[in-house]
Amino acid sequence: MEIAMDVSLDPTLGCGQAHRWRKTADGWQGVLDNSVVTLTQTPGGFRCEGAVSKRKILEYFRHGDDLAAIYENISASDGYLASVAEACPGLRLLRQDPWECTATYILAVNANVKRIISMVESVCDEFGRDLGALRAFPTPGEILDGADRIAVCKLGYREKRFVDFAGAVEDGDVDLGAIGEMDYAGCREALKEIHGIGDKVADCISLFAFGHMESFPVDARIKAILRDVYGVEGTYAELADFGRRSFGDYPGYAQELLYHAKAVSLVQAQSGGSRPVSTL
DNA sequence: CATCAACCTGATCA
DNA sequence: ATGATCAGGTTGA
C-alpha cells in the first residue's frame with residue numbers, strides 16, 4: 001500500500017518517541033494495530049507492507065498535521081529552531097496507542113534508550129501475542145496472567161509500577177478512554193495520579209498518545225539544550241513553560257525537533273556555548 | 001513549595 | 001579487573 005505523506009521515516013521512527021521500530025535491510029519494521037508491518041521510504045511518502053488499514057496508518061502518523069505550516073510557525077518563533085527545522089524535514093509526531101504508550105513510558109523512567117528498548121522487547125517476548133516476525137505489545141490481562149514471570153524482564157523498580165498499572169487498567173481504576181477526553185491540564189493531572197508517572201512522563205504521554213500539542217516534555221537532554229542554547233535553567237514547570245511560550249503554536253513539535261537536533265549534534269555547531277546562563 | 005537521597009539495571013570510564 | 005558514575009525520573013521525607 002502506498003501512503004502519500006510529507007514524512008521522513010528515519011527521524012520519525014528513530015527519534016525515540018516510539019520504542020518498537022527497527023530499521024532492517026527491508027525498511028522500518030514494527031507493529032501497528034497488532035499487525036507486523038514494514039515501512040519503506042518513497043519520494044512522496046512511504047510504502048507499507050502488512051495487514052493494517054490505511055485509516056490506522058494515517059491516524060498513527062497524524063496525517064492531519066500540516067507539517068509545512070507547523071514548521072513555518074515554529075521557525076518564525078525562533079532562529080535556532082528554524083535552523084533545526086530546516087535540517088530535519090519530515091519529522092512527524094506519532095499518535096500512539098494510549099495503553100502501550102503509557103506502559104512503555106512507565107518503563108522509560110531513568111533509563112537510556114538502549115535499556116528502554118531492551119525492557120520493552122523483553123515484555124513483548126514474555127507476554128505478547130506471537131504475530132510472526134514480532135510479538136504484540138501485551139494487553140493488561142496478558143501481563144497480569146503472567147505476572148509471576150515478570151522478574152525475567154529485569155524492569156527493576158519499574159516492575160511493580162508496570163504490573164500495578166496493568167491491574168489498574170484491567171480493573172477500570174484507570175480509564176484511558178476518559179483521560180483521552182480531557183484537556184491537556186486534566187490529562188496531565190490524571191496521568192500523574194498513576195504511581196510511577198511524574199511531570200516528564202505525563203507530558204510525554206499527553207503528547208505522544210493523546211495529541212496535546214501544548215505539551216513540552218523536559219527530559220535531561222531538553223534541559224541541557226535549554227541551558228546551553230537558550231541560557232535558561234529552572235524547575236520542571238519553569239522550563240516547560242519557557243518551551244510553551246517560546247516556540248510558537250506547536251511546543252510538542254518544537255520539543256521533538258530540538259531533541260532530534262541534539263541527537264545529530266547540531267547544538268555544538270550552532271550554540272557555541274557562549275551565552276550566559278540565567279534563571280527564570 | 002524546593003531540595004535531595006535512594007532506587008534496579010546495564011554500560012561506560014577511570 | 002573492580003568501583004564510581006550516569007542514563008529519556010519519580011518518590012517520599
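Each chain gets a letter, A, B and so on, in the order its sequence line appears, and its residues count up from 1.
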Quiz prompt | Side chain A:Y105 and base C:dG8 donor-acceptor under 3.5 Å | solution = no
Quiz item: With a non-hydrogen cut-off below 4.0 angstrom, is A:C15 in contact with a base, only sugar-phosphate, or nothing?
Solution: base
Exercise. Decide, yes or no, whether a salt bridge links A:D203 with A:K200 under the criterion of side-chain N to carboxylate O below 4.0 Å.
Key: no
Exercise. Please work out if A:I116 contacts a base, only the sugar-phosphate, or nothing of the nucleic acid, heavy-atom cut-off 4.0 Å.
Key: base
Quiz item: Do the side chains of A:Y60 and A:L207 join up, straight or via other hydrophobic residues, at under 4.5 Å, putting them in one cluster?
Solution: no
Exercise. Send over the distance from A:D199 CG to C:dT10 P, rounded to a whole Å.
Key: 6 Å
Self-check item: Same apolar cluster (I L V M F W Y, side chains within < 4.5 Å links), A:W28/A:V31
Solution: no
Quiz item: Taking for each residue the nucleotide of DNA chain C bearing the nearest heavy atom, is the 5' side occupied by A:A202 or by A:N112?
Solution: A:N112
Quiz item: Around atom CD of A:E2, are there more than 12 heavy atoms of other residues, nucleotides or ligands at under 6.0 Å?
Solution: yes
Exercise. Provide, to the nearest angstrom, the distance between the NE2 atom belonging to A:H195 and the P atom belonging to B:dC7.
Key: 14 Å
Exercise. Please tell me which of the listed nucleotides, C:dT11, B:dT9, C:dT10, lies nearest to the side chain of A:K154?
Key: B:dT9
Exercise. Taking Watson-Crick and G-U wobble pairs with both distances under 3.5 Å, convert DNA chain B into its dot-bracket string, 5' to 3', dots for unpaired and | for cross-strand pairs.
Key: ..|||||.||||||
Self-check item: Gap in Å between the two P atoms, one belonging to B:dC4 and one to C:dG8, rounded
Solution: 22 Å
Exercise. Could you tell me whether the phosphate oxygens of C:dG8, OP1 or OP2, come under 4.0 Å of any side-chain nitrogen or oxygen in A:H19?
Key: no
Practice problem: Would you sort out whether A:R161 and A:Y157 count as a side chain to side chain donor-acceptor pair (under 3.5 Å), showing the intermediate values? | Solution: CA-CA 7 Å; A:R161 301 170 179 178; A:Y157 52 71; 5.8 Å; no
Quiz item: Do the ring planes of A:F162 and A:F137 sit parallel (below 30°), tilted (30 to 60°) or perpendicular (above 60°)?
Solution: perpendicular
Exercise. Identify whether any heavy atom of A:A220 sits under 4.0 Å from a base atom; if not, whether one sits that close to sugar-phosphate; answer base, sugar-phosphate or nothing.
Key: sugar-phosphate
Practice problem: Among C:dG9, C:dG8, B:dC8, find the nucleotide with the atom closest to the side chain of A:R115. | Solution: B:dC8
Self-check item: Salt-bridge contact A:E121-A:R20 (side-chain N to carboxylate O under 4.0 Å)
Solution: yes
Quiz item: At under 4.0 Å between heavy atoms, what does A:G16 touch on the DNA or RNA strands: base, sugar-phosphate, or nothing?
Solution: base
Quiz item: Between A:K223 (NZ) and C:dG9 (P), how many Å, whole number?
Solution: 9 Å
Practice problem: Provide, to the nearest angstrom, the distance between the CZ atom belonging to A:F162 and the P atom belonging to C:dT10. | Solution: 17 Å
Self-check item: P gap between C:dA1 and B:dT9, integer Å
Solution: 23 Å
Quiz item: CD1 of A:I194 versus C1' of C:dT11: gap in Å, rounded?
Solution: 15 Å
Quiz item: How many Å lie between NZ on A:K160 and P on C:dT11, as a whole number?
Solution: 12 Å
Quiz item: Hey, does A:I106 reach any base, or is it just sugar-phosphate, or nothing, if we go heavy atoms under 4.0 Å?
Solution: nothing
Exercise. Specify the separation, in whole Å, of atom OH of A:Y157 and atom C1' of C:dT11.
Key: 10 Å
Exercise. With the side chain of A:V113 defined as its heavy atoms from C-beta on, choose the nearest nucleotide among B:dG10, C:dG8, C:dG9.
Key: C:dG8
Quiz prompt | Nucleotide of B:dA2, C:dG12, C:dT10 approaching A:K200 most closely (side-chain heavy atoms) | solution = C:dT10
Self-check item: Distance-only polar pair, side chains of A:D219 and A:Y259, donor-acceptor under 3.5 Å
Solution: no
Practice problem: Would you indicate which nucleotide in C:dG9, B:dT9, C:dG8 comes nearest to any side-chain atom of A:N110? | Solution: C:dG9
Quiz prompt | Length of the CD1-C1' vector between A:I117 and C:dG8, whole Å | solution = 11 Å
Quiz item: Do A:D65 and A:Y253 have a side chain donor and acceptor closer than 3.5 Å?
Solution: yes
Quiz item: When the nearest nucleotide of DNA chain B is assigned to A:K114 and to A:R158 on a heavy-atom basis, which residue is associated with the more 5' position?
Solution: A:R158
Quiz prompt | Separation of the P atoms in C:dA13 and B:dC8, to the nearest angstrom | solution = 15 Å
